[in-house]
**Q** 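Below: one structure in structure tokens.
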Amino acid sequence: MKEFSKMFARRYSSVSRDVEASNHRQSAVAPGSGLSTDADPAVACAAQAALQRIQRRKSLKANRSMNPIDILSSFFNEPIQGKRNRVPTRLFILLVIGFLAIITATLIKVLEPYDLIFKWKLIMTEGGEIFNLWAQPPVDLYIKIYLFNITNAKAFLAGREQLRVEQVGPYVYKEIMTHENVTFNANNTMSSTPSHPLVWQEEMSGNCREDDEVVMLNIAMLAISHLTANHPFLVRMALKTLLLSTKSEPIVRATAKEFMFGYPSALATLGNTFLPNWISFEKVGLIDRMYDFSTDFETFYTGVPNPALSGLYASYRGETTLPQWDGDHCSNIEFASDGTKFKSFIQPNETVKFFRKSMCRPINLYRVGNEKTYGSLKGYNYVFEDNAFDNGATNEANKCFCRKGIRPAVVTLCKSTN
């Protein structure tokens, strides 16, 4: 700033010197408007030029000393040949700009362009941002599995003691959730094959290992016994003969991995041989059955014409309902989320429907608490409805989970739909 002031000081000092020099030269000029008759023409011409420069500099200096009102006046009125032009051209431009600004603000308020852009982005299109996030979600999803090891198997089978168990785990796996072979349909839906491979996480499982030996109940034997419990006597006798011939025991010893992802079972092998349409597997494993998507196909909405529904179920295995349950509350999975993308523009009192094959049923989520901030994002917590797994004794809506008058203690599993 000091250098800037010095520059102008030098400039004004030079103007003063020019004025003094010019006054000295004016001695050669006649008192009138003409030049001295005895002056050299070159000197007279130089003096005239010096006078013009002085006048211009005085004009600039005067302009610099104008007060704010004069500056504002000069902005709205353009000088033309020493006179002021009363046509306020710049004022007209400002009025036009202001008018356009009002129109723009009104359009933004009415049309809400952010919502328009957001709705456009929600629509599923091949290669789109939302589609890529849905097809391969960039999240780390982990499943923790706890097993109950039987500690007194011999005494229990002999009838001397009640069954005693100890909890072992967790056995932690990372779930790689993707949608494969996506095909866009003409009815504004897209079909895909679900894929949920599990990857063992040794460092997160503590002292637990997949080769840990555990003693567990024979799932295949218990399942078949349960299914035939109310059948005629001859059917139950045939089953008993089958169990004896295959030397099946109600309690088996296997590794943790085998129990979760399948261990050899003579019953399962026979069932797969003689009833392949009903039993499509030769090994029995709890997690293996829950995560078997080999024959599954799903259909989702693309968001046309309603962007809020993009990424939600249109059908599962070609149907909007699950075959093992009756009634919409228990079986209808349309407009449910598989956990990848939920419904958009959710209202405060609106429920969110959620469905996964491992749950074997749809379930509603409700908003709880106030708005929370997660990093740079704001959101809400959603939880399962009260008594979500009730068998209908408390939650009347869950009575549709009862089949043939039999009310399970807790609604968690269902028969395989493979």
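As the structure is a prediction and not an experimental result, all values here were calculated from the model.
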**Q** For the residue pair Ser195 and Pro197, establish whether any side-chain heavy-atom pair is separated by less than 4.5 Å.
**A** yes
**Q** Given side chains that start at C-beta, do those of Val165 and Asn149 come closer than 4.5 Å, heavy atoms only?
**A** no
**Q** On a heavy-atom basis, which atom in Cys330 and which in Ala397 lie closest, and how many Å separate them?
**A** SG-O, 4.1 Å
**Q** Does Lys357 qualify as a cation-pi partner of Phe293, given the criterion of NZ or CZ under 6.0 Å from the six-membered ring centre and within 45 degrees of its axis?
**A** yes
**Q** Are the ring centres of Phe131 and Phe184 closer than 6.0 Å?
**A**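 Yes; Phe184 has its ring centre under 6.0 Å from that of Phe131.
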**Q** Please check if any side-chain donor atom of Gln201 sits under 3.5 Å from a side-chain acceptor atom of Tyr171, or the reverse.
**A** no
**Q** With the side chain counted from C-beta on, respond yes when Gln167 and Phe148 share a heavy-atom pair under 4.5 Å apart, and no when they do not.
**A**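 Answer yes - side chains close enough.
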**Q** Under a plain distance cut-off of 3.5 Å, with no hydrogens placed, do Ser191 and Asn185 share a side-chain donor-acceptor pair?
**A** yes
**Q** Under 6.0 Å from the six-membered ring centre of Tyr173 and within 45° of its axis: does the NZ or CZ of Lys144 meet both?
**A** no
**Q** Give a yes or no answer on whether the side chain of Trp134 reaches the backbone of Thr178 with a donor-acceptor pair at less than 3.5 Å.
**A** no
**Q** May I ask you to decide whether Glu334 forms a salt bridge with Lys353, counting only side-chain N to carboxylate O separations under 4.0 Å?
**A**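 Salt bridge: no.
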**Q** More than 12 foreign heavy atoms under 6.0 Å from CD of Glu161: is that the case here?
**A**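 Atom CD in Glu161 is crowded, with more than 12 foreign heavy atoms closer than 6.0 Å.
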**Q** Backbone N or O of Gln162 within a donor-acceptor pair of the Asn152 side chain at under 3.5 Å?
**A**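 At least one qualifying donor-acceptor pair exists.
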**Q** Any side-chain heavy-atom pair from Leu198 and Ile287 closer than 4.5 angstrom?
**A** yes
**Q** Distance check, rounded to the nearest 0.5 Å: Asn387 atom CG versus Glu385 atom CD?
**A** 8.5 Å
**Q** Checking Thr125 against Ile123 for the side-chain contact (heavy atoms from CB on, under 4.5 Å) test, could you report, in this order, the C-alpha distance in whole Å, the side-chain angles of both residues, the deciding distance, and whether it holds?
**A** CA-CA 6 Å; Thr125 56; Ile123 296 175; 4.3 Å; yes
**Q** Do Glu298 and His179 come close enough that some side-chain heavy atom pair is under 4.5 Å?
**A**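 The answer is yes; the side chains approach within 4.5 Å.
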**Q** Mark yes when over 12 heavy atoms from residues, nucleotides or ligands other than Glu210 sit less than 6.0 Å from its CD; otherwise mark no.
**A**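 Yes, the 6.0 Å shell around CD holds more than 12 heavy atoms from other groups.
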**Q** For Trp120, I'd like to know if atom CH2 has over 12 heavy atoms of other residues, nucleotides or ligands within 6.0 Å.
**A**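 No, CH2 of Trp120 has 12 or fewer neighbouring heavy atoms, counting only those of other groups under 6.0 Å.
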**Q** Quick one about His196 and Arg356 (side-chain donor to acceptor, distance below 3.5 Å, no hydrogens or angles considered), yes or no?
**A** yes
**Q** OG/Ser315 to CD1/Ile333 distance, rounded to the nearest 0.5 angstrom?
**A**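 It comes to 6.5 Å.
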**Q** Are any side-chain N or O atoms of Ser310 and backbone N or O atoms of Leu122, one a donor and one an acceptor, separated by less than 3.5 Å?
**A** yes
**Q** Flag the pair Tyr301 / Phe335 as yes when their ring centroid distance falls below 6.0 Å, and as no otherwise.
**A**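 Yes, close enough.
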**Q** Between Ile150 and Leu163, is the side-chain contact (heavy atoms from CB on, under 4.5 Å) condition met? List the steps.
**A** CA-CA 7 Å; Ile150 300 175; Leu163 188 68; 3.4 Å; yes
**Q** Are any non-hydrogen side-chain atoms of Met190 and Thr299 less than 4.5 angstrom apart?
**A**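 They are not in side-chain contact.
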**Q** Enter the distance from Phe401:CZ to His329:NE2 here, rounded to the nearest 0.5 Å.
**A**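 Here the interatomic distance stands at 5.5 Å.
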**Q** Any donor-acceptor pair under 3.5 Å linking the side chain of Asp212 with the backbone of Cys208?
**A**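 No: the side chain of Asp212 does not pair with the backbone of Cys208.
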**Q** Taking it one step at a time, do Leu377 and Thr373 satisfy side-chain contact (heavy atoms from CB on, under 4.5 Å)?
**A** CA-CA 6 Å; Leu377 299 177; Thr373 301; over 6 Å; no
**Q** To check you understand the geometry: which heavy-atom pair defines the closest contact between Gly318 and Phe297, and what is its length?
**A** N-CE1, 3.3 Å
**Q** Can you name the nearest heavy-atom pair linking Asp292 to Asp296, along with the distance?
**A**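 Distance-wise, the nearest heavy atoms are O-OD2, 4.2 Å.
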**Q** Excluding sequence neighbours, so at least two apart, what forms salt bridge (Lys or Arg N to Asp or Glu O under 4.0 Å) with Lys341?
**A** none
**Q** Between atom CD1 of Ile176 and atom CG of Asp140, what is the distance when rounded to the nearest 0.5 Å?
**A** 8.0 Å
**Q** Within 45° of the ring axis of Tyr380 and under 6.0 Å from its six-membered ring centre, is that where the NZ or CZ of Arg367 lies?
**A** yes
**Q** Are Tyr313 and Phe355 close enough that their ring centres sit under 6.0 Å apart?
**A** yes
**Q** For Asp326 and Ser331, work out which heavy atoms get closest and say how close.
**A**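 Residues Asp326 and Ser331, closest heavy atoms: C-OG, 4.3 Å.
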**Q** Sub-3.5 Å donor-acceptor pair from the side chain of Thr302 to the main-chain atoms of Asn188, do we have one?
**A**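 Yes.
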**Q** Evaluate whether atom CG of Asn349 has more than 12 neighbouring non-hydrogen atoms of other residues, nucleotides or ligands under 6.0 angstrom away.
**A**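 No, the 6.0 Å shell around CG holds no more than 12 heavy atoms from other groups.
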**Q** Distance alone, cut at 3.5 Å: any donor-acceptor contact between the side chains of Asp386 and Tyr366?
**A** no
**Q** Does any non-hydrogen side-chain atom of Phe300 lie less than 4.5 Å from one of Thr189?
**A**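 No, their side chains stay 4.5 Å or more apart.
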**Q** At what distance, to the nearest 0.5 angstrom, does CD1 of Ile143 lie from CE of Met260?
**A**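 Between atom CD1 of Ile143 and atom CE of Met260 there are 9.5 Å.
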**Q** Using a cut-off of 6.0 Å, state whether more than 12 heavy atoms not belonging to Tyr374 lie near its atom OH.
**A** yes
**Q** Does a side-chain heavy-atom distance below 4.5 Å link Trp200 with Lys174?
**A**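 Heavy-atom side-chain distance check fails, nothing below 4.5 Å.
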**Q** Is there a salt bridge (charged side-chain N to carboxylate O under 4.0 Å, His left out) between Lys343 and Glu350? Walk through the geometry before answering.
**A** CA-CA 10 Å; Lys343 183 180 178 181; Glu350 187 176 3; 2.5 Å; yes
**Q** Would you check, one step at a time, whether the test side-chain contact (heavy atoms from CB on, under 4.5 Å) holds for Met216 with Ile251?
**A** CA-CA 6 Å; Met216 308 285 293; Ile251 295 178; over 6 Å; no
**Q** Provide the closest heavy-atom pair for Trp325 versus Cys400 in the form atom of the first, atom of the second, distance.
**A** CE3-O, 4.1 Å
**Q** Just verifying a value: how many Å separate Asn306 CG and Lys119 NZ, rounded to the nearest 0.5 Å?
**A**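 The distance works out to 8.5 Å.
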**Q** Do any N or O atoms from the side chain of Glu258 and from the backbone of Thr255 form a donor-acceptor pair under 3.5 angstrom?
**A**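 It does hold such a pair.
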**Q** Tell me the closest heavy-atom pair linking Met177 and Pro137, and the distance in Å.
**A** O-CD, 3.1 Å
**Q** Taking atom NZ of Lys257 as the centre, report whether more than 12 heavy atoms of other residues, nucleotides or ligands fall under 6.0 Å from it.
**A**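 Check fails, neighbour count at 12 or below.
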**Q** Please step through salt bridge (charged side-chain N to carboxylate O under 4.0 Å, His left out) for the pair Glu202 and Arg209, ending with a clear verdict.
**A** CA-CA 7 Å; Glu202 183 175 354; Arg209 297 293 180 267; 3.3 Å; yes
